[in-house]
Colleague: 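This is the structure I have questions about; it appears just below.
Only a predicted model underlies this, so the values are computations on that prediction, with no experimental measurement involved.
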Amino acid sequence: MNLQLALLEKAARENRLAHLLLFHGGSALHQREVALRLAQILNCNQPMLEGPCQECYACHKISSKNHPDVLWLKPLKTTIGIEQILGWQQKVYLKHYEGNHKVSVIEQADLVTLPAANALLKVIEEPPERTIIILCAQNADGILPTIQSRAQLVYLPDLYEEAWLKGLGEVDPQDADWAFHLSGKNQNLATAVLEHGMPLLKEWVEKFRTAVEERDFLKLFSLFPIDKNQAVLYLQVMAAQTQEGMLKGINRPFEFLAIGRAIDVLRQQVNPRLVIEVLALELFQQGGDLCD
């Protein structure tokens with residue numbers, strides 16, 4: 001379990017959990033498992049230090065999704081419409097039946113329609129007491145900003161990323177997430193990014209992108225001095241981003257190939273400035289737009 005989830009469970013045990021949580025990333029199954037475990041922690045009849053007992057009447061009912069105070073909502077078709085949210089809203093405002101907390105889990109919450117989102121917002125702004133709402137989405141940006149701003153965001157890494165995170169020790173989860181995806185889920189490259197420092201790398205890559213997009217050779221001057229190891233790291237990150245952009249139709253193959261050639265030359269050549277400038281000129285001529 002990563003640090004963020006451990007803190008989340010601790011808050012649940014101490015009744016300090018935010019009334020609105022937004023799970024994003026990972027798999028739908030992982031999101032569902034975490035939501036179910038939190039519901040059990042909040043309502044377990046015989047709680048233990050390490051979590052719910054998994055043996056009591058409440059734990060069994062929650063795990064089988066039969067607990068009257070734990071509500072599950074997901075799209076009936078391709079969206080979650082206003083009728084679904086209004087029906088859910090009525091259940092949310094009913095008195096607790098047998099649990100300590102009422103927990104509502106809305107799966108694929110990024111498929112909530114705008115009218116439904118506005119109805120959901122009314123409940124979020126004035127939630128009933130001892131009520132926790134958990135929104136699950138692959139992409140947090142798909143959630144209405146007015147809802148997102150009121151939620152505690154909880155990023156759930158996929159299992160491959162979680163295994164990598166365990167070996168890092170104490171790092172900022174958001175920085176680790178950014179490095180992992182920035183590197184195309186290459187663990188070694190992501191670790192190098194974190195060791196080098198996120199702000200430095202991000203600033204350099206943004207400056208290079210701007211120079212290429214504006215075809216402004218003078219803006220390249222601010223990228224130097226730079227040593228060979230730094231240059232290789234920066235170009236590897238750009239290659240990973242460009243490859244991802246190709247899959248989305250944003251970037252063209254020649255951009256990825258140009259960066260790959262630059263990395264190969266850089267590993268043989270001592271002068272990183274010359275390699276970077278030649279790469280920029282090649283992208284100028286081809287009119288390349290590097291992926292954000």
Side-chain angles (χ1 to χ4, degrees), residues 1-2 4-5 8-9 12 17-43 61-94 99 101-128 131-162 173-174 177-178 180-181 185 244 247-249:
M1 181 187 302
N2 66 41
Q4 189 178 23
L5 291 184
L8 200 64
E9 290 196 5
L17 203 60
H19 80 279
L20 178 63
L21 302 173
L22 172 52
F23 292 176
H24 63 110
S27 67
L29 177 60
H30 192 194
Q31 292 174 349
R32 196 176 302 127
E33 288 174 346
V34 174
L36 187 146
R37 183 172 172 83
L38 287 179
Q40 288 179 324
I41 292 173
L42 291 166
N43 290 293
K61 290 190 78 171
I62 291 170
S63 64
S64 62
K65 295 187 178 180
N66 288 319
H67 197 289
D69 292 320
V70 180
L71 308 176
W72 296 82
L73 183 69
K74 59 183 179 181
L76 289 177
K77 295 181 180 178
T78 56
T79 61
I80 297 177
I82 182 68
E83 295 83 5
Q84 276 188 273
I85 293 297
L86 291 177
W88 164 82
Q89 192 179 81
Q90 291 179 348
K91 295 177 183 178
V92 169
Y93 282 110
L94 292 174
H101 289 79
K102 188 165 277 188
V103 180
S104 286
V105 183
I106 302 179
E107 300 187 55
Q108 294 180 266
D110 44 351
L111 298 182
V112 172
T113 64
L114 183 57
N118 288 327
L120 175 61
L121 185 59
K122 291 179 181 179
V123 181
I124 290 168
E125 290 175 334
E126 298 180 9
T131 295
I132 307 296
I133 300 170
I134 301 174
L135 306 179
C136 299
Q138 283 300 304
N139 184 1
D141 292 336
I143 303 296
L144 195 69
T146 49
I147 292 178
Q148 188 181 147
S149 64
R150 290 166 170 78
Q152 177 184 339
L153 269 66
V154 180
Y155 176 73
L156 301 179
D158 58 37
L159 295 179
Y160 180 73
E161 182 179 355
E162 188 169 6
Q174 295 297 332
D177 170 42
W178 192 86
F180 192 75
H181 289 86
K185 299 187 178 182
E244 184 177 345
L247 296 175
K248 297 177 180 177

Colleague: Supply the atom-to-atom distance Ile133 CD1 to Leu120 CG, rounded to the nearest 0.5 angstrom.
Modeller: 6.0 Å
Colleague: Can you confirm whether His24 sits close enough to Asp141 that some side-chain heavy atom of one is under 4.5 Å from a side-chain heavy atom of the other?
Modeller: no
Colleague: Among Asp69, Val103, Val70, find the one that has a side chain to side chain contact (heavy atoms under 4.5 Å, CB included) with Leu42.
Modeller: Val103
Colleague: Can you tell me how far CG of Leu21 sits from CD1 of Ile132, rounded to the nearest 0.5 angstrom?
Modeller: 6.5 Å
Colleague: Is atom NZ of Lys91 surrounded by more than 12 heavy atoms (other residues, nucleotides or ligands) closer than 6.0 Å?
Modeller: no
Colleague: I want to check something: taking the side chain as every heavy atom from C-beta on, are Leu156 and Leu5 in contact at a cut-off of under 4.5 Å?
Modeller: yes
Colleague: Count the heavy atoms belonging to other residues, nucleotides or ligands that lie under 6.0 Å from NZ of Lys74, then report whether that count exceeds 12.
Modeller: no
Colleague: Run the side chain to side chain contact (heavy atoms under 4.5 Å, CB included) test against Ile82 and tell me which residues pass, sequence neighbours left out.
Modeller: Leu86, Pro115, Ala119
Colleague: So, for Ile80 and Ala116, which heavy atoms are closest and what is the spacing to 0.1 Å?
Modeller: O-CB, 3.5 Å
Colleague: Before you tell me yes or no, could you show the steps for Val105 and Gln31 under side-chain contact (heavy atoms from CB on, under 4.5 Å), namely the whole-Å CA-CA distance, both residues' side-chain angles and the distance that decides it to 0.1 Å?
Modeller: CA-CA 10 Å; Val105 183; Gln31 292 174 349; over 6 Å; no
Colleague: Search all heavy atoms of Tyr155 against all heavy atoms of Gly25 and return the closest pair with its distance.
Modeller: CE1-CA, 3.8 Å
Colleague: Given Gln84, which partner from the list Thr79, Leu73, Ile106, Val112 fulfils the side chain to side chain contact (heavy atoms under 4.5 Å, CB included) test?
Modeller: Leu73
Colleague: What residue pairs, at least two apart or across chains, pass side chain to side chain donor-acceptor pair (under 3.5 Å) with a residue in residues 103-114?
Modeller: Arg32-Glu107, Trp88-Ser104
Colleague: Over all heavy atoms of both residues, which pair between Leu22 and Gln148 is shortest? Give the atoms and the distance, please.
Modeller: CD2-CG, 4.0 Å
Colleague: Distance from Gln138 atom CD to Phe23 atom CZ, nearest 0.5 Å?
Modeller: 13.0 Å
Colleague: Do you know the tightest heavy-atom contact between Lys122 and Tyr93?
Modeller: O-OH, 4.2 Å
Colleague: Could you pull out the closest heavy-atom pair between Ser63 and Leu36, with the gap in Å?
Modeller: CA-CD1, 3.9 Å
Colleague: Using a 4.5 Å cut-off on heavy atoms from C-beta on, say whether the side chain of Leu20 contacts that of Leu135.
Modeller: yes
Colleague: How many angstroms lie between NE2 in His19 and NE2 in His101, if you round to the nearest 0.5 Å?
Modeller: 13.0 Å
Colleague: Please report the shortest heavy-atom distance between Val123 and Pro128, naming the atom on each side.
Modeller: CG1-CD, 4.5 Å
Colleague: Say you draw a straight line from NZ of Lys61 to CG of Asn43; how long is it, rounded to the nearest 0.5 Å?
Modeller: 11.0 Å
Colleague: Would you give the length of the straight line joining atom CG of Leu144 to atom CG of Leu121, rounded to the nearest 0.5 angstrom?
Modeller: 7.0 Å
